[in-house]
Amino acid sequence: MVILNKKGFKLPRVEKEKFITLIRLGLEYDGQKMLFSVKSYNNINQLRNTLQDILKSEIAFTQTCTVCNVDFNCSTCKYVKACPTKDLPFSCVCNQCLRPKKNLQQQTLF
Amino acid sequence: MKNSLWVEKYRPTIIKDVIGNEEAKTLFVEWLENKRPTRKAVLLYGPPGVGKTTLVNAAANEYKFRIIEMNASDTRSEKAVTRIADPATSFTGLDKFSSEIKGNMLFMDEVDGIAGNEDRGGVNAIIKIIENTRVPIIMAANDCDLEKLRSLKKLCLLIRFQQTRIPLIILALKKICEQEHIKYEFEALENIATKSQGDVRSAINDLQGLSEEGKTLTEQDTLALGLRNKDISMDDTLQGYFASKNLTEAVILLNSSNVEYDDLLMAISDNIPRRYADPFKLAEAYDYLSQADVFRGRVGVENWHLLKYVYNNLAQAAAVDPESYKSFEFISPPIRVITLFWTKNKRTLLANICTKIGAQCHISKYEAKMIFIPYLRLMLQQKKKAPALIEWLKLTPEEVTFLASLKMF
């Protein structure tokens, strides 16, 4: 599986038609940095399929934690199987923010 | 503690507090701030309880709009829509100059529910209003793929709402627990969030229902919760319905089924003779079924509070004799649906013939079918008169063959 950062990722060189399709589906291309980023989320499922075709591998986008703003991957989440929306949309709560670990003082010492 | 609904008490008042669907929120705000002026209206669509209405209310509060709302409880016929929405979207209130209010915002909730005679012309009226509006028009729907919304969709910016994720729901539940001073086990919140299947509203309602002041909410307390979304198919519904051991089991199952009420009623009616071998039990079950049918008729398109009686009667029919249950093969889909499917071509052909008769004889299609067709069939059997008649009515050979073979309709 390929993990893509929605804010900027590289793709192998694609044909003109494929590039146009990607842009129409909601990607944006920064010519200077040579990075693609997700601009529109309306056709995100189609976009995902097209990217999977290009990369010939299953892809997943990184998620941004709404609490600490850190990017993380869905595979680290324990609810991934029960998740109703797979890795879309792109914001969620990371494990650390959801269930903060007790600090040393709170932990029971044996 | 339980005096007010937590769903209302903790309803976000600013956009930032609406949980989940960040992309949808961004798109909506961009449209509202006029960064996407290509569309005059916006259609928010997605499953129930994901924050569509909440987002609109929060946005109105934040951007100082006065919401003029029309929801499923209002009649939304052409006349009603025009009466309410037309002045709201074409005039500016004088208070705009004296108060903080920026203007009106028309919000039509559950537009996919516009249906039936009472709402006749509603969609067309909305389209006209969108074309001439001077204020933002927002609509919300659970299902935007409906045929009746096709023309409306072309005029709107479509914003999709996804189900809210489990971690986000847990976080929201945690916040509520902290504010209500409720002690909880993390697993209990996990269970509530998982079983809500992305519906924040139902998760909060479940939390309110299960929590008690001064008592810790444990995982054990949440074990009895059922899945909130209606995910059970026709076959599974029938299987579970007929195998129900008591009334409660049947009611719970019917409540969690996603089968249409009418299809369910027909399917149960078809299968019930297979379920009860004893004619007296069968008669009793059919009696409950007929009562359910009566209530279904009374529900119509607006008296949804009567739906519980439909379910109760259906459940009674399943619980007439639970001990006698033996598994059997179900008839599914309902016989009526199968019959309609198989006779579709014939019905289309007959309708075409009736249209032709109606056009020539200046009568309705119904009259043509009831009065003319039986005689036309007899007249076509007379070899001398038949060709002239066929030419006059412009019948195709296929239609002539169909009429000749017609036994009943």
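All values derive from a computational prediction rather than experimental measurement. Lettering follows sequence order; numbering is per chain, from 1.
Within 6.0 Å of CD in B:E8 there are more than 12 heavy atoms belonging to other residues, nucleotides or ligands. Heavy-atom contacts from other residues, nucleotides or ligands closer than 6.0 Å to CD of A:E58 number 12 or fewer.
Using a 4.5 Å cut-off between heavy atoms, A:V67 touches chain B through its side chain atoms alone.
For the residue pair A:L98 and B:L171, the shortest heavy atom distance occurs at CD1-N, 4.3 Å. What you find for B:I170 and A:Y79 is that their closest heavy atoms are CD1-OH, 3.4 Å. Scanning all heavy atoms of the two residues, the minimum distance from A:S91 to B:E22 falls at OG-CG, 2.6 Å.
Here the straight-line distance linking atom SG of A:C77 with atom CD1 of B:I166 works out to 7.5 Å at 0.5 Å rounding.
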